[in-house]
Number of protein chains: 2
Amino acid sequence: MGHSRPTLADVAGAAGVSVSTASLAFSGAGPIAAATRERVHAAASELGYSGPNPLGRSLRSGRSGIAAVVIGDQLRRSFRDPVSVQVLDGLVSTLGQMGLGVLLVPGMPATEGTTGVDPLLETAPMDVAVLIWGSREDDPALLSLQRRGVPVVIGEGPAVEGVPVVGIQDRRGSEELVRHLADLGHERIAVVSLPFGGPRRCAVVSPERMTELRWTPTKHRLEGFQDAGVVPTMVVEAAASLVEEGQAAGRLLLDVEDPPTAVVAQSDLLAAGVLLAARDLGMRVPQDVSVAGFDGIDLPWLAPDVLTTVAQPLAAKGEALGQTVAALLAGEQPEPALLPVTLRTGTTTGPPRT
Amino acid sequence: MGHSRPTLADVAGAAGVSVSTASLAFSGAGPIAAATRERVHAAASELGYSGPNPLGRSLRSGRSGIAAVVIGDQLRRSFRDPVSVQVLDGLVSTLGQMGLGVLLVPGMPATEGTTGVDPLLETAPMDVAVLIWGSREDDPALLSLQRRGVPVVIGEGPAVEGVPVVGIQDRRGSEELVRHLADLGHERIAVVSLPFGGPRRCAVVSPERMTELRWTPTKHRLEGFQDAGVVPTMVVEAAASLVEEGQAAGRLLLDVEDPPTAVVAQSDLLAAGVLLAARDLGMRVPQDVSVAGFDGIDLPWLAPDVLTTVAQPLAAKGEALGQTVAALLAGEQPEPALLPVTLRTGTTTGPPRT
DNA sequence: GTCCGGGTTCGAATCGTTTCGAGGCGTCGC
DNA sequence: GCGACGCCTCGAAACGATTCGAACCCGGAC
């Protein structure tokens with residue numbers, strides 16, 4: 001046994017018991033005399049044995065205790081968004097309480113230009129995977145995981161046969177928000193949308209581009225307009241949910257002859273960017289233009305303004321994802337979850353200028 | 001073999017070769033006839049076998065392919081800081097290229113009031129662990145890992161015997177920044193510091209509290225003042241590196257009889273909060289008060305102001321951590337790394353009012 | 001014809017743990 | 001006093017793969 005780390009067999013030998021008994025002393029499963037357990041633990045600390053090797057345990061039990069969280073895109077981009085972070089936070093703590101660790105896996109290969117999926121997705125140990133956001137029907141990551149036989153949970157994504165989804169009432173929330181603006185008297189409402197999927201860009205959306213819309217939350221939040229019976233005067237697609245992008249999009253929308261009287265951004269960060277753009281252009285909010293967001297995150301630097309937005313329960317979403325994972329591991333077929341949202345009116349929306 | 005997933009043995013049987021040959025066909029190690037490999041792969045796709053089971057492979061090789069990243073505190077808090085996120089991003093992609101997955105592990109137990117460390121730290125499979133920030137000499141996580149025999153890399157932490165550290169020139173950067181302010185003529189310079197370690201609070205630091213300073217970057221950035229020959233008129237400790245905290249600290253510092261003419265915040269987020277506090281109090285920057293930060297992150301909503309700050313190479317830090325991990329796994333004894341920083345003067349610092 | 005060697009393939013051992021059924025021993029009940 | 005029953009402990013068989021040395025087959029050389 002040389003100088004390598006001691007194994008359960010070493011401990012058993014030192015304690016004068018069989019390997020199976022030593023295992024029992026650690027796992028606690030099955031009956032074992034207190035004295036024996038004591039003796040085994042003593043031998044263990046004597047030898048510097050720090051508990052059963054997870055690798056051996058995993059092989060035997062067939063479980064790794066690891067849940068992979070697949071990040072749709074670049075980590076940097078994803079994590080700059082507080083929405084993602086708060087969901088991830090809820091997920092990590094929920095899974096942690098179940099004894100599951102979270103393995104971060106990029107959804108796309110690290111080296112640009114490569115097709116296929118990140119090798120980790122194909123080779124890393126995992127009992128279950130969560131596509132936390134940004135998944136699509138034809139997601140190569142999804143296909144790869146299904147081929148491996150790994151159970152999958154999708155957050156904020158499309159309905160896929162046999163894959164449980166956890167989402168929020170994007171559509172209804174958006175509808176409420178649009179109605180709020182319509183009730184205030186707005187007739188010219190523009191949209192700054194989240195990415196459509198596919199190549200990222202910050203640009204006015206053409207009718208053709210509209211047909212390429214793949215990303216589910218973007219789609220649902222747009223559909224809220226239909227439900228409210230309002231047609232946006234213009235849609236600008238942002239390359240990511242970031243303040244800078246919102247600012248660029250805001251310039252595109254507001255720096256024109258006849259700007260809209262209200263702008264609905266599909267995320268709070270984008271809305272914040274639009275506010276900055278309005279400020280840059282010397283427009284007052286909400287007198288010259290109303291601005292609304294989506295998500296309900298804290299934006300302390302917006303004070304004294306308060307953003308009108310649709311608040312979603314972010315920590316609860318992470319928790320719901322965790323519960324779904326638990327159900328999946330227990331062999332159940334979890335129902336899709338659709339969490340409620342609430343309209344939160346702030347100071348950035350008001351009646352249009354007459 | 002019923003309905004469970006096929007194993008290498010099944011594939012070998014179907015292909016009419018031995019298990020060892022089948023293994024060779026997948027791993028690519030060792031000589032194998034092209035025709036044989038072909039046949040094995042055909043049998044594999046026939047049976048729906050998607051590559052060797054990572055659990056079995058791990059047990060045999062003794063490697064899990066997993067690097068644990070220990071988050072010092074609550075995930076939420078950590079990830080709201082772009083600094084952490086950018087480092088993590090660099091780390092994940094560097095490790096990913098080496099085929100290592102990143103397992104997120106909370107440094108403290110999820111349930112409040114519990115002592116000890118998160119159970120994941122003790123039981124999860126890992127080849128190496130990175131204490132990415134916020135580590136201390138007596139860190140229970142560190143001790144636990146050392147007992148398990150897991151090699152550890154510390155980011156931004158104290159020098160611990162036998163544990164490689166990756167940090168930045170906190171002290172020198174801070175010194176340069178303070179000299180910059182002194183050169184401008186400032187004599188009354190206050191500090192908003194990062195947490196000291198231990199109980200978190202936002203309060204003026206008393207002499208006793210000063211002796212409890214444990215967190216390394218906080219300490220080094222304060223030492224920069226000594227090197228520049230300047231004694232801060234006041235130090236306020238923030239509970240976390242967040243805008244809200246900086247704002248609260250800023251009020252504490254600026255809303256007094258005779259406020260300092262310059263405030264050095266130990267992070268850009270804190271500095272941004274101080275700027276907000278100054279604005280709330282009707283103070284002009286830099287005419288009434290100069291404000292400087294540390295880190296060099298993007299703060300688009302600060303525009304048109306540009307924060308004077310000490311920029312650190314965040315992605316490079318993540319990369320350096322990754323390289324250190326690689327060296328450690330290769331059995332080397334990596335040297336501690338100290339990455340360079342650069343003073344970046346913006347529009348938020350200027351001469352004091354005369 | 002025999003021997004040699006390169007190129008492939010195979011068997012068997014091994015990684016460290018869990019689990020299952022069997023067995024040992026002491027005690028209790030009749 | 002004997003049988004039955006509990007409580008513990010043990011041995012052995014997985015779990016799924018890698019790896020090392022041995023065995024094998026074939027062609028070429030002497």
Side-chain angles (χ1 to χ4, degrees), chain A residues 1-40 43-44 47-65 122-127 148-150, chain B residues 1-2 4-41 43-44 47-65 122-127 148-150:
Chain A
M1 73 188 76
H3 59 301
S4 69
R5 299 200 67 72
T7 74
L8 194 54
D10 300 331
V11 174
V17 298
S18 75
V19 184
S20 34
T21 305
S23 172
L24 256 34
F26 282 103
S27 71
I32 189 168
T36 313
R37 179 175 37 234
E38 199 77 359
R39 200 144 39 90
V40 173
L47 293 177
Y49 177 81
S50 55
N53 181 328
L55 267 32
R57 181 209 289 274
S58 291
L59 176 58
R60 176 60 226 231
S61 64
R63 289 239 168 149
S64 60
E122 314 240 58
T123 62
M126 56 184 77
D127 296 338
R148 267 187 76 177
V150 175
Chain B
M1 69 188 78
S4 69
R5 299 199 65 72
T7 75
L8 194 55
D10 299 331
V11 174
V17 299
S18 75
V19 184
S20 34
T21 304
S23 172
L24 256 35
F26 282 102
S27 72
I32 188 168
T36 313
R37 179 173 38 232
E38 200 78 359
R39 200 144 41 89
V40 173
H41 280 129
L47 293 176
Y49 179 81
S50 55
N53 180 328
L55 266 33
R57 179 209 290 273
S58 292
L59 176 58
R60 176 62 227 238
S61 64
R63 290 241 168 147
S64 60
E122 313 240 59
T123 62
M126 56 184 78
D127 296 339
R148 266 186 78 178
V150 175

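Within every chain, numbering begins at 1; the chains are lettered A, B, ... in the order of the sequence lines, protein sequences first and strands thereafter. All values below were derived from every heavy atom in this structure, side-chain atoms included, with hydrogens, water molecules and symmetry-related copies excluded.
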**Report entry** Angle by which the axis turns from one end of the helix from C/dG1-D/dC30 to C/dC30-D/dG1 to the other, five pairs per end, to 10 degrees
**Finding:**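 Comparing the first five pairs with the last five, the axes sit 60° apart.
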Shortest non-hydrogen contact from [X] to [Y]?
{"X": "A/Val40", "Y": "A/Val17", "answer": "CG2-CG2, 4.0 Å"}
{"X": "B/Ala44", "Y": "B/Phe26", "answer": "CB-CZ, 3.7 Å"}
{"X": "A/Tyr49", "Y": "A/Pro6", "answer": "CD1-O, 3.3 Å"}
{"X": "A/Met126", "Y": "A/Arg148", "answer": "CE-NH1, 3.9 Å"}

Query raised in the report: Do the side-chain N or O atoms of B/Tyr49 get closer than 4.0 angstrom to the phosphate oxygens (OP1, OP2) of D/dA17?
Result: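 Affirmative; the distance criterion is met.
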When you compare the protein's N or O atoms with those of nucleotides 20-25 of chain D, which come within less than 3.5 Å of each other, and at what distance?
none

Suppose we screen for side-chain hydrogen bond (donor to acceptor under 3.5 Å, both in side chains). Which residues come up paired with [X], at least two apart in sequence or across chains?
{"X": "A/Asn53", "result": "none"}
{"X": "A/Ser23", "result": "none"}
{"X": "B/Ser18", "result": "B/Ser20, B/Thr21"}

Short heteroatom pairs, N/O only, protein and nucleotides 26-28 of chain D, under 3.5 Å:
none

Expected list for residues 55-63 of chain A: side-chain donor-acceptor pairs under 3.5 angstrom, two or more places apart:
residue	atom	partner	partner atom	Å
A/Ser58	OG	A/Pro54	O	2.8
A/Ser58	OG	A/Arg63	O	3.2
A/Ser61	OG	A/Arg57	O	2.9
A/Ser61	OG	A/Ser58	O	3.4
A/Ser61	OG	A/Arg63	N	3.3
A/Arg63	NH2	A/Leu329	O	2.9

Could you tell me the separation between the [atom1] atom of [X] and the [atom2] atom of [N], rounded to a whole number of Å?
{"X": "B/Arg63", "N": "D/dT19", "atom1": "CZ", "atom2": "P", "value": "12 Å"}
{"X": "B/Leu59", "N": "D/dT19", "atom1": "CG", "atom2": "P", "value": "12 Å"}
{"X": "A/Leu55", "N": "D/dT18", "atom1": "CG", "atom2": "P", "value": "13 Å"}

Report task. Using side chain to side chain contact (heavy atoms under 4.5 Å, CB included) as the criterion, list what pairs up with A/Thr123, not counting sequence neighbours. Result ->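 Counting only residues at least two positions away or on another chain, A/Thr123 forms no side chain to side chain contact (heavy atoms under 4.5 Å, CB included).
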Query - Test side chain to side chain contact (heavy atoms under 4.5 Å, CB included) applied to A/Val19 - qualifying residues, sequence neighbours left out - result: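 Side chain to side chain contact (heavy atoms under 4.5 Å, CB included) list for A/Val19, sorted by chain: A/Leu8, A/Ala9, A/Ala12.
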Report task. Within residues 31-39 of chain A, find the residues that approach DNA chain C with a heavy atom at under 4.0 Å, and present them sorted by residue number. Result ->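 DNA chain C contact set from residues 31-39 of chain A: none.
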Query raised in the report: Start at the 5' end of DNA chain C and walk down; is the nucleotide closest to B/Ser61 or to B/Ser18 reached first?
Result: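 In this pair, the answer is B/Ser18.
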Output a table of donor-acceptor pairs, distance under 3.5 Å, between side-chain atoms of residues 31-38 of chain A and any protein atom two or more places apart or on a different chain; print 'none' if there are none.
none

**Report entry** Outermost DNA chain C nucleotides near chain A [under 4.0 Å, heavy atoms]
**Finding:**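 So the contact region on DNA chain C extends C/dG16 to C/dT19.
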